[in-house]
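This one's a predicted model, so the numbers in the text were calculated from it and none came from an experiment. Only heavy atoms go into these numbers, but all of them, side chains included; no hydrogens, no water, no symmetry mates.
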Amino acid sequence: MVREQYTTTTPGTNLHRPETQYVYNVGIYGWRKRCLYLFVLLLIIILVVDLALTIWILKVMWFSPIGMGYLYVQSEGLRLERESEFLYPLYAKEVHSRKDSSLLLQSTHNVTLNARNPDGNVTGRLSVGPDMVQFDGQEFQIKSMNPDGKPLFTVDEDEVAIGTDRLRVTGLEGALCEHSIETPLIKGVRGLDNAKELRLESPTRSLTMDAPRGINIKAESGTITALSHLDIKLQSSDSMLMLNAGLRLPKLPQGTSGDSEISFGLYEVCVCTDGKLYLAVADVVSTCLYYSRACELSS
């Protein structure tokens with residue numbers, strides 16, 4: 001904007017009238033001014049959109065003064081409500097559930113728990129997969145919740161130890177042991193609802209029971225049956241064989257003497273030189289020699 005300046009004089013004075021001076025004000029005009037207004041308007045729009053996005057994110061993520069969504073920040077740590085998904089490793093000193101609910105760890109592949117030493121090396125690993133549960137470590141042990149903390153099940157490289165007073169096997173085929181078993185007592189399932197017989201069976205090999213101070217087989221309310229495809233041998237190396245009960249041998253062969261004898265239903269048991277048993281008609285004296293032809297026929 002151009003402004004002219006004028007100088008007034010009194011009549012009778014002869015002063016030289018100054019030339020007209022022009023004053024220019026410095027500013028932004030024209031297209032520069034319009035670009036500046038457009039830039040300020042664009043900046044205001046960006047600020048408004050940024051503020052709206054911030055408010056929307058705060059609303060969607062459920063930010064609050066005590067946490068974010070189902071994640072609450074407390075003095076003792078972080079608290080998660082409902083189901084939570086972790087995409088990366090979780091490092092925590094302690095993880096536990098609420099008092100009125102259980103802790104659930106769920107994965108589409110497997111759940112792996114690693115224990116590391118101060119150097120960062122893995123010293124123990126527990127992996128729960130869709131097919132099996134695998135543990136890698138020096139020793140695996142299960143303890144009771146009693147104050148004494150008694151070990152119930154222990155596994156290491158050398159042995160498997162079961163510390164309970166009773167081991168119960170409820171499978172249809174029982175327990176399969178490929179090697180020896182050392183135990184002070186073997187019992188069948190007791191009770192009327194699930195009473196089952198106790199069977200010690202070796203389908204393809206022999207079954208041997210050894211004890212330094214004797215083996216006691218007892219049936220309190222039933223019978224003991226011993227079946228064999230071949231011979232059943234009862235042998236005592238240092239003492240006698242005692243049968244303290246009534247003895248029945250229904251399939252013993254009857255000895256013959258060559259002569260017809262009248263039997264009154266009484267017989268005596270005789271033994272051949274090879275150990276086989278046969279029956280002889282009882283008389284006042286022993287008749288085993290008269291009926292010993294059964295030994296000759298059997299040999």
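- With rounding to the nearest 0.5 angstrom, the CD1 atom of I46 is 13.5 Å from the CG atom of L51.
- K143 NZ: 12 or fewer foreign heavy atoms inside a 6.0 Å radius.
- With sequence neighbours excluded, the residues satisfying side-chain contact (heavy atoms from CB on, under 4.5 Å) with L58 are T54, F63.
- Here the side chain of N146 pairs no donor or acceptor atom with the backbone of D148 at under 3.5 angstrom.
- Counting non-hydrogen atoms of other residues, nucleotides and ligands closer than 6.0 Å to CG of L113 gives a total above 12.
- Side-chain contact between V40 and I44 is present, with heavy atoms from C-beta onward closer than 4.5 Å.
- Residue pairs satisfying the ring-ring contact (aromatic ring centres under 6.0 Å, His included) criterion with at least one member in residues 35-56, sequence neighbours excluded, are absent.
- The salt bridge (charged side-chain N to carboxylate O under 4.0 Å, His left out) contacts involving residues 151-161 comprise nothing, where partners must be two or more places apart or lie in separate chains.
- With sequence neighbours left out, D283 forms a side chain to side chain donor-acceptor pair (under 3.5 Å) with no residue at all.
- Checking V281, L279, T287 one by one against E268, the side chain to side chain contact (heavy atoms under 4.5 Å, CB included) holds for a single residue, T287.
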### Query
Is there a side chain to side chain donor-acceptor pair (under 3.5 Å) between E139 and T154 once you walk through the steps?
CA-CA 7 Å; E139 181 178 333; T154 305; 4.8 Å; no
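- With rounding to the nearest 0.5 angstrom, the CD1 atom of I45 is 13.5 Å from the CG atom of D50.
- Contact detail for G163 and K150: the closest heavy-atom pair is O-CE, 2.9 Å.
- Hydrophobic clustering (ILVMFWY, side-chain heavy atoms < 4.5 Å, transitive): L289 and V269 are in distinct clusters.
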Validation: residues 119-129 side-chain donor-acceptor distances under 3.5 Å, sequence neighbours left out:
residue: T123; atom: OG1; partner: A115; partner atom: O; Å: 3.0
residue: R125; atom: NE; partner: N114; partner atom: OD1; Å: 3.2

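- Tracing side-chain contacts under 4.5 Å through hydrophobic residues (I, L, V, M, F, W, Y), one never reaches I162 starting from L152; they form parts of separate clusters.
- If you chain together hydrophobic residues whose side chains sit under 4.5 Å apart, V285 and Y291 never meet in one group.
- For residues 133-176, the ring-ring contact (aromatic ring centres under 6.0 Å, His included) pairs, not counting sequence neighbours, are F135-F140.
- By the criterion of side-chain heavy atoms lying less than 4.5 angstrom apart, applied directly or through intervening Ile, Leu, Val, Met, Phe, Trp or Tyr residues, L53 is not grouped with V48; the two fall into different hydrophobic clusters.
- Transitive grouping of hydrophobic side chains (ILVMFWY, heavy atoms separated by less than 4.5 Å) keeps L38 and L47 in distinct clusters.
- Minimum interatomic distance between Y278 and C295 (heavy atoms only, all atoms of both residues): CE2-SG, 3.3 Å.
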